[in-house]
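Only one structure is covered here, and it is reproduced in the block below.
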Amino acid sequence: MTDLHTFIREMPKAELHLHIEGTLEPELMLELARRNDVQLPYETLDDIRAAYDFNCLEDFLQVYYLGMSVLITERDFFDLTWAYLEKVKGQNVTHIEIFFDPQGHTERGIGFDTVLGGITRALEQGNKELAITSRLIMCFLRHLPEEAAFDTLDHACRCRDYIFGVGLDSSELGYPPENFTRVFAAARENGFTPVAHAGEEGPPGYVSQALDVLKIERIDHGNRALEDPALVHRIAASGMAMTVCPLSNLRLKVVDDLTRHPLRQMLDAGLCATVNSDDPSYFGGYITENFLAVQTALSLDLAEIVQLGRNAITGSFMSQAEKSISLDRFDAFCQGFPNN
Ligand code: HPA
Ligand code: ZN
């Protein structure tokens, strides 16, 4: 057990489901509020932590959008992203595919280029100084109209070299994927790789729609797909990855207890499930803490942890050449443990 936890801490990891705005730690939130003279309804770190008591996705999103209000300048977005990179470097993360929510900022009058500039500058520095490779995925907020998503896509097309994919996040229930059919088609035509949050709170039909209509290449969350055996079979047969977020699921009450988390069921069904942190500052853990918590709750064995670690590489958007280098490095780590 201790050895398994050491293995988890030390293994090279890829993270595929991470909202950069969800890495805003309370300390940095207060610092940026002071720096930018932004009024928050919190005065102390304890006030902030007390607000992180969610009953559902919607509760969380209100606190998440409020937290974003301290992010104003390019330097703020750099500092936010750099703090995440340094944190996960310490967790042996070697590759990240991260989301950002430009509409959460442009709606407040912050320029798209300010947001993207700060994030990409940190990612480039992370590649050079920390050897962390990355892909950036721009999410559309599904509680806003498709027209607003089109405006956001126009910005992304101007900055094509910096944005790898498009995603769909925010409130799920009542906002089916099909609302975004046209903007996803336009994004695909412009070469962006499509993904979407689906089946976190929404029904299995939203997962099927995201596959059929948005033509996504990876499913973010996907928990409720398990309610439909034919859909599970379809996803497993396709080999498509699912980005599962155990501590997020616990904190947003997608599962009532981690011992009842469906991760093992997913692996047993042949799904390419991966472990991710979603919004680590809000949900109480980065990728390592997610692995440790779900290993403990489900008594996952070494073979299952190895499978999850490999799934993150095969399910990533790295090139085939990058994947084979990463898999070799991962396998070498496994063979050398505990002596490496
Ligand atoms: N679900 C939907 N939208 C989000 C999430 C999430 O878990 N995190 C940040 N935006
Ligand atoms: Zn998410």
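Atoms within each ligand, like the ligands themselves, are counted from 1 in listed order. Counting from 1, the numbers follow the sequence of the chain as shown.
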Which of the atoms in ligand 1, numbered in the order shown and given with their element, are less than 4.0 Å from a heavy-atom of [X]?
X	answer
His221	7 (O)
Asp279	5 (C), 8 (N), 9 (C)
His197	1 (N), 2 (C), 6 (C)
Leu57	1 (N), 2 (C), 6 (C)
Glu200	1 (N), 2 (C), 6 (C), 7 (O)
Asp278	6 (C), 7 (O), 8 (N)
Tyr64	9 (C), 10 (N)

**Message:** Taking N, O or S atoms only and a limit of 2.8 Å, check whether Cys245 reaches the Zn ion (ligand 2).
**Reply:** no

**Asked** Is the distance from the Zn ion (ligand 2) to some N, O or S atom of His221 under 2.8 Å?
**Response** no

Take the angle between the ring planes of [X] and [Y] and call it parallel below 30°, perpendicular above 60°, tilted in between.
X	Y	answer
Phe140	Phe184	perpendicular
Trp82	Phe78	parallel
Phe60	Tyr282	perpendicular

**Item:** Minimum-distance atom from the Zn ion (ligand 2) among N, O or S atoms of His17
**Value:** NE2

**Request:** Could you pull out the atom name of the N/O/S atom in Asp278 that is nearest the Zn ion (ligand 2)?
**Result:** OD1

**Asked** Does any N/O atom on Ser170 come nearer than 3.5 Å to any N/O atom on ligand 1?
**Response** yes

**Prompt:** Does the separation of the ring centres of Phe180 and Tyr175 fall below 6.0 angstrom?
**Reply:** no

Between the side chains of [Y] and [X], is the shortest nitrogen-to-carboxylate-oxygen separation below 4.0 Å, so that they form an ion pair?
X	Y	value
Asp113	Arg158	yes
Arg234	Asp212	yes
Arg264	Glu304	yes

**Request:** Determine whether Ile325 and Met318 make a side-chain contact, defined as any pair of heavy atoms from C-beta on separated by less than 4.5 Å.
**Result:** no

**Request:** Flag the pair Phe100 / Val115 as yes when at least one side-chain heavy-atom distance between them is below 4.5 Å, and no otherwise.
**Result:** yes

**Asked** So is Gly22 close enough to ligand 1, meaning a heavy atom under 4.0 angstrom away?
**Response** no

**Request:** Please confirm whether Phe60 comes under 4.0 Å of ligand 1, counting heavy atoms of the residue only.
**Result:** yes

**Message:** Counting non-hydrogen protein atoms only, what is the nearest one to atom 5 (C) of ligand 1? Give residue, atom name and distance.
**Reply:** His19 NE2, 3.6 Å

**Prompt:** Is it true that the side chains of Glu172 and His197 contain a donor and an acceptor less than 3.5 Å apart?
**Reply:** no

